[in-house]
A.B. asks: 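Please read through the structure below; I'll follow up with questions.
Whatever order the structure lists them in is the order used to number ligands and atoms, beginning at 1. Numbers for residues simply follow the sequence, beginning at 1. Below, all heavy atoms of this structure are taken into account, side chains as well, without hydrogens, waters or symmetry copies.
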Amino acid sequence: MTRSPAERAREAFAQLFGGRPTLLARAPGRVNLIGEFTDYNEGYCLPVAIDRETVVAARPRRDGIVHVVAADDKNREDRFSLDAPLVPLSNGHWGNYVRGVFAALRRQGHLPGGAEMVIAGNVPQGAGLSSSAALEVAVGQALKSMFRLEVDATGLALAGQRAEHEFAGCQCGIMDQLVSAHGRTGHAVLLDCRTLATTPVPMPEGTAIVVVESGIQRGLVDSEYNLRRHQCEQAAAHFGVRTLRDLSSERFNAERGTLDTKAAQRARHVIGENERTLAAVQALRDGDLAGMGVLMRAAHVSLRDDFEVSLPAIDELVDLLNSAVGSAGGARLTGGGFGGCVVALLPAAMTAQLRSAVMRGYRTPQGTAPVIHVCSASDGAGVLA
Ligand code: GLA
């Protein structure tokens with residue numbers, strides 16, 4: 001049996017630092033059901049915190065030194081002093097998420113001290129399930145609990161997002177960190193990315209959340225993510241609104257003629273996606289998986305044609321899943337796009353059928369069978385007993 005992240009973190013901690021950690025903090029990865037690229041437009045999204053998590057085993061130090069070890073990266077380490085200004089490491093280094101959270105918490109006025117930390121997790125990396133948000137929020141949670149910082153779940157999420165902006169170079173929205181901090185077992189979470197309000201929405205009984213890894217590695221920083229964000233801001237500025245959240249479809253349709261074509265496509269996606277997300281909340285509440293499926297398919301078409309963040313191989317995988325699920329549910333590309341994962345919602349009884357359809361019909365670019373995760377909606381960040 002594979003050992004859990006908590007067991008691995010505890011064991012590596014004893015080996016490397018000696019003795020026991022003061023605490024183990026955890027935070028989950030996420031899969032977004034609908035509401036894509038709406039977060040940085042102050043709109044709505046509807047993600048689920050999944051039962052794949054990052055665990056941080058931690059113990060305070062008195063000398064202001066932070067010593068972090070990544071158990072999943074051959075025990076590679078990062079070490080820095082809180083007495084010197086915090087600076088990012090080279091691009092793509094996992095240590096940036098840790099450093100970034102320390103820096104962000106300090107900017108929020110908190111004073112985390114030095115620490116020994118071991119990180120271990122089972123959120124697939126680079127697959128679009130927010131392993132980085134899980135790491136940021138788990139580190140934040142460990143620091144909050146160890147140093148009794150007066151920061152709430154939303155504050156931890158904001159610190160994680162700031163780490164992305166200032167240390168990892170990705171201008172991401174708040175979705176991943178917010179749901180990693182606020183997830184709820186058995187629920188999706190409606191996020192209002194303007195007010196940062198989070199509302200748990202029960203998953204209908206007997207629904208399976210199936211995530212298929214396309215095997216196409218993605219990197220937000222390297223992708224066109226920041227460019228899309230810029231185009232959305234351009235569109236908002238053109239209409240003289242604060243963000244696309246403030247643009248109605250009526251006004252957009254009436255006045256879009258004067259807007260640059262690409263910016264207009266991006267805006268149309270965001271406006272439609274906000275509407276679909278609110279409709280999806282209702283569909284879940286009504287236990288209407290078929291209705292949810294219709295919305296997910298429409299969301300995929302919009303991501304493919306208007307936001308242009310899909311790839312031909314991803315479209316094929318989505319089509320395959322949608323044919324296997326039929327009108328009983330639906331599937332779409334999820335997360336930041338250009339690879340990563342596809343998510344399907346379906347009656348749990350159809351999971352085996354879906355799995356064999358995928359195994360028969362899809363191969364990753366490396367020619368291997370794709371990894372399939374059947375996920376359940378889990379709680380957000382916390383401390384393990
Ligand atoms: C990534 C970002 C999120 C969000 C999604 C797209 O996951 O980190 O903030 O913008 O892409 O919905």
Side-chain angles (χ1 to χ4, degrees), residues 27-50 52 96-97 100 123-137 154 157-183 188-194 196 198 211 213-214 216-233 243-245 266 269-274 276-277 280 295-296 299-300 302-304 306-311 314 332-343:
R30 66 96 187 92
V31 65
N32 190 19
L33 301 183
I34 199 161
E36 219 68 84
F37 303 97
T38 45
D39 59 356
Y40 56 69
N41 291 296
E42 297 189 331
Y44 302 101
C45 35
L46 188 61
V48 170
I50 55 174
R52 306 289 190 278
N96 282 332
Y97 301 114
V123 186
Q125 288 177 25
L129 297 176
S130 293
S131 56
S132 61
L135 172 56
E136 291 145 16
V137 177
T154 300
L158 288 167
Q161 184 194 27
R162 191 163 205 162
E164 294 274 357
H165 288 190
E166 292 175 4
F167 279 70
C170 175
Q171 296 301 311
C172 69
I174 191 66
M175 167 169 73
D176 311 342
Q177 293 80 7
L178 206 52
V179 71
S180 181
H182 282 280
V189 186
L190 171 66
L191 308 180
D192 179 332
C193 299
R194 166 163 283 169
L196 302 186
T198 59
V211 176
E213 287 187 40
S214 67
I216 306 169
Q217 286 274 329
R218 56 180 310 282
L220 274 183
V221 183
D222 300 332
S223 77
E224 304 220 350
Y225 186 88
N226 294 347
L227 172 63
R228 293 292 181 288
R229 181 171 185 157
H230 178 69
Q231 290 169 327
C232 289
E233 285 161 2
T243 61
L244 291 177
R245 161 79 170 259
R266 309 309 184 227
H269 165 75
V270 173
I271 294 166
E273 190 76 351
N274 278 328
R276 284 187 288 274
T277 302
L295 294 165
M296 290 173 79
H300 185 77
S302 178
L303 287 170
R304 185 190 67 198
D306 274 348
F307 219 67
E308 297 182 291
V309 289
S310 191
L311 299 169
I314 297 279
R332 55 179 281 276
L333 166 64
T334 183
F338 301 105
C341 288
V342 166
V343 61

A.B. asks: So is R30 touching ligand 1 or not, going by heavy atoms under 4.0 Å?
C.D. replies: yes
A.B. asks: Given side chains that start at C-beta, do those of Y40 and C172 come closer than 4.5 Å, heavy atoms only?
C.D. replies: no
A.B. asks: Can you tell me if NE2 on H165 sees more than 12 non-hydrogen neighbours from other groups inside 6.0 Å?
C.D. replies: yes
A.B. asks: Does the distance from a Lys or Arg side-chain N to an Asp or Glu carboxylate O, for E308 and R304, drop under 4.0 Å?
C.D. replies: no
A.B. asks: Just which atoms of ligand 1 are under 4.0 Å from any heavy atom in Y225?
C.D. replies: 1 (C), 2 (C), 3 (C), 4 (C), 9 (O), 10 (O), 11 (O)
A.B. asks: Quick one: do the E273 and S302 side chains pair a donor with an acceptor below 3.5 Å?
C.D. replies: no
A.B. asks: Under 3.5 Å between any N/O of E36 and any N/O of ligand 1: does that happen in this structure?
C.D. replies: yes
A.B. asks: Enumerate the atoms of ligand 1 whose separation from the nearest heavy atom of G173 is less than 4.0 angstrom.
C.D. replies: 9 (O)
A.B. asks: In ligand 1, which numbered atoms sit nearer than 4.0 Å to a non-hydrogen atom of M175?
C.D. replies: 4 (C), 5 (C), 12 (O)
A.B. asks: Show the atoms of ligand 1 that are less than 4.0 angstrom away from any heavy atom in D39.
C.D. replies: 3 (C), 4 (C), 9 (O), 10 (O)
A.B. asks: Is it the case that ligand 1 has an N or O less than 3.5 angstrom from some N or O of C172?
C.D. replies: no
A.B. asks: So, R245 and E42, do they make that salt bridge, N to O below 4.0 Å?
C.D. replies: no
A.B. asks: Please check if atom CD in E166 has more than 12 non-hydrogen atoms from other residues, nucleotides or ligands closer than 6.0 Å.
C.D. replies: yes
